[in-house]
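Let me begin by presenting the structure, written as structure tokens, before commenting on it.
Letters A, B, ... are given to chains in the order of the sequence lines, protein chains preceding strands, and every chain is numbered from 1. Note that the structure is a prediction, hence the values are computed from the model and not measured.
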Protein chains: 2
Amino acid sequence: MRQSGCPLAFGLDTFGDRWSLLVLREMMVRGKKTYGDFLEIDEGIATNVLADRLKHLETEGIISKSRDPDNRRSYLYTLTDKGRDLAPILTEIILWGGKYDKRPQARREAVNKAKKNRKGFEAAIRSPE
Amino acid sequence: MRQSGCPLAFGLDTFGDRWSLLVLREMMVRGKKTYGDFLEIDEGIATNVLADRLKHLETEGIISKSRDPDNRRSYLYTLTDKGRDLAPILTEIILWGGKYDKRPQARREAVNKAKKNRKGFEAAIRSPE
DNA sequence: CATTTAACTTGTTTTTTGCAAGTGAGCTGG
DNA sequence: CCAGCTCACTTGCAAAAAACAAGTTAAATG
């Protein structure tokens with residue numbers, strides 16, 4: 001897409017759109033796994049955009065798609081190692097947001113966990129239950 | 001914009017579009033300061049989009065705009081403390097890109113610096129000369 | 001003082017997103 | 001065993017954003 005060879009631009013091409021990191025948050029922080037789960041995210045993603053993003057993240061090797069062994073019409077999306085390695089990036093954005101989000105509705109639960117025990121937080125979101 | 005209260009979503013609303021972090025890279029890694037500098041970035045940003053992004057980043061308090069004391073038709077864009085605090089996020093994305101970008105044109109200079117001395121790299125991009 | 005430069009703005013086309021509705025395979029209760 | 005529901009999408013269209021091209025204004029420069 002962008003052929004500059006910059007590692008930052010490479011990252012942005014892979015997950016740097018309005019939605020990818022929010023889908024990954026659902027997987028990492030909230031343990032969500034299915035298309036239906038992702039459709040319910042608070043920020044309200046459109047169904048066609050969600051389908052696009054999942055396809056892109058799978059193509060890029062960030063997530064993988066498999067059949068749900070308990071329900072043959074459902075699929076499970078899970079993180080690859082490459083996807084798990086995004087945990088430090090998520091963590092840094094969460095810490096930055098925690099520092100600067102002064103809105104009354106700001107939710108601080110994840111921020112507090114990450115501040116109290118950063119390595120533990122990263123390990124936890126790397127391997128969501 | 002997104003009213004979820006999530007610190008990650010807050011961050012994405014502030015700098016999570018296709019271009020903001022590339023403009024900030026120019027400032028942090030390459031010491032660029034002017035509109036004309038940013039127009040020349042390798043990835044090719046459109047002039048109206050650049051104007052929009054600069055306005056947005058200024059509104060969000062990530063950068064500030066001042067007159068160039070040496071040239072009255074030019075302005076200097078510089079990082080605020082809030083903007084400087086994005087350095088760890090940039091660093092993590094660069095490290096991730098360095099790990100996974102296997103394209104022949106991948107540029108590894110910044111990656112190597114960040115790997116060799118991460119704190120030094122962060123300090124350097126926080127305070128570009 | 002005519003030309004160039006810097007920082008944009010404006011207008012138009014193209015791409016992406018958002019929204020509503022629809023499809024088809026697989027489950028489920030009566 | 002089958003009508004109706006659920007799940008994971010797809011399709012079509014409108015709205016928003018991005019890309020592209022050209023123009024404007026104020027200030028510097030030769």
Side-chain angles (χ1 to χ4, degrees), chain A residues 1-4 9 12-27 30-60 62-79, chain B residues 1-4 9 12-27 30-60 62-79:
Chain A
M1 189 193 258
R2 286 153 166 156
Q3 292 295 74
S4 66
L12 294 175
D13 284 344
T14 307
F15 58 79
D17 61 273
R18 307 182 68 55
W19 291 108
S20 291
L21 289 179
L22 293 179
V23 171
L24 293 168
R25 174 198 66 191
E26 293 301 297
M27 300 179 74
R30 300 180 183 164
K32 298 301 170 70
K33 290 181 160 59
T34 70
Y35 190 92
D37 288 340
F38 304 141
L39 264 190
E40 285 170 8
I41 86 177
D42 294 335
E43 291 84 3
I45 189 171
T47 175
N48 54 340
V49 175
L50 174 58
D52 260 21
R53 278 325 96 97
L54 289 171
K55 211 166 286 177
H56 183 242
L57 290 171
E58 199 193 352
T59 301
E60 295 296 330
I62 303 292
I63 60 176
S64 70
K65 183 182 182 179
S66 58
R67 288 199 162 276
D68 182 345
D70 301 333
N71 185 342
R72 282 190 39 78
R73 69 195 147 162
S74 195
Y75 294 91
L76 300 178
Y77 292 94
T78 52
L79 293 162
Chain B
M1 192 193 256
R2 285 154 166 155
Q3 292 296 73
S4 66
L12 294 176
D13 284 344
T14 308
F15 57 79
D17 61 272
R18 307 180 71 55
W19 291 107
S20 291
L21 289 179
L22 293 179
V23 171
L24 293 168
R25 175 199 66 191
E26 293 301 297
M27 300 179 75
R30 299 179 185 165
K32 297 300 169 73
K33 289 180 162 59
T34 70
Y35 190 92
D37 288 340
F38 304 141
L39 263 190
E40 286 171 6
I41 86 178
D42 294 336
E43 291 83 3
I45 188 171
T47 175
N48 54 343
V49 175
L50 175 58
D52 260 21
R53 277 327 94 95
L54 289 172
K55 211 166 286 174
H56 182 242
L57 290 171
E58 199 192 351
T59 301
E60 296 295 331
I62 303 293
I63 60 176
S64 70
K65 182 181 180 179
S66 58
R67 287 199 162 278
D68 183 344
D70 300 333
N71 185 342
R72 282 190 41 78
R73 70 195 147 161
S74 193
Y75 294 90
L76 300 178
Y77 292 93
T78 52
L79 293 162

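For L12(A) and dA18(D), the CG to C1' distance is 16 Å, given to the nearest whole Å. E43(A) places its CD atom 15 Å from the C1' atom of dG18(C), with the value rounded to the nearest Å. For the pair K32(A) NZ and dA8(D) P, the computed distance is 13 Å after rounding to whole Å. Distance CG (D52(A)) to P (dT15(C)): 15 Å, rounded to an integer number of Å. If you measure from atom CG of L39(A) to atom C1' of dG18(C), you get 13 Å, rounded to the nearest angstrom. The distance from atom CG of L22(A) to atom P of dT17(C) is 13 Å, rounded to the nearest whole Å. Atoms CG (D17(B)) and P (dT17(C)) sit 12 Å apart, rounded to a whole Å. Computed from coordinates, the D37(B) CG to dA6(C) P distance equals 10 Å when rounded to whole Å.
Shown here are the salt bridge (Lys or Arg N to Asp or Glu O under 4.0 Å) partners of D37(B), two or more places apart in sequence or in another chain: there are none. With sequence neighbours excluded, the residues that form a side-chain contact (heavy atoms from CB on, under 4.5 Å) with S74(A) are T34(A), D68(A), N71(A). Legend: residues meeting salt bridge (Lys or Arg N to Asp or Glu O under 4.0 Å) with R73(A), ordered by chain and number and at least two apart, are absent. Checked against ring-ring contact (aromatic ring centres under 6.0 Å, His included), Y35(A) has no partners two or more places apart in sequence or in another chain.
Checking the phosphate oxygens (OP1, OP2) of dC7(D), no side-chain nitrogen or oxygen of K33(A) falls inside 4.0 Å. Contact between the side-chain N/O atoms of Y77(A) and the OP1/OP2 oxygens of dC9(D) is found at a separation under 4.0 Å. Remark: K55(A) is not in phosphate contact with dA8(D), judged by side-chain N or O atoms under 4.0 Å from OP1 or OP2.
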Throw together a table of side-chain donor-acceptor distances under 3.5 angstrom for residues 39-46 of chain B, partners on residues two or more places apart or in other chains.
unit_1: E43(B); atom_1: OE1; unit_2: R25(B); atom_2: NH2; d: 2.8
unit_1: E43(B); atom_1: OE2; unit_2: S4(A); atom_2: OG; d: 2.6
unit_1: E43(B); atom_1: OE2; unit_2: R25(B); atom_2: NH1; d: 3.0

Contact string for nucleotides 19-30 of chain D, one letter per nucleotide 5' to 3', B = base within protein heavy-atom range under 4.0 Å, S = sugar-phosphate only, - = neither, reads BBBB----BS--

Worked verdict on R53(A) versus D17(A) for side chain to side chain contact (heavy atoms under 4.5 Å, CB included): CA-CA 9 Å; R53(A) 278 325 96 97; D17(A) 61 273; 3.3 Å; yes

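With rounding to the nearest 0.5 angstrom, the CD1 atom of I62(B) is 12.5 Å from the CG atom of L54(B).
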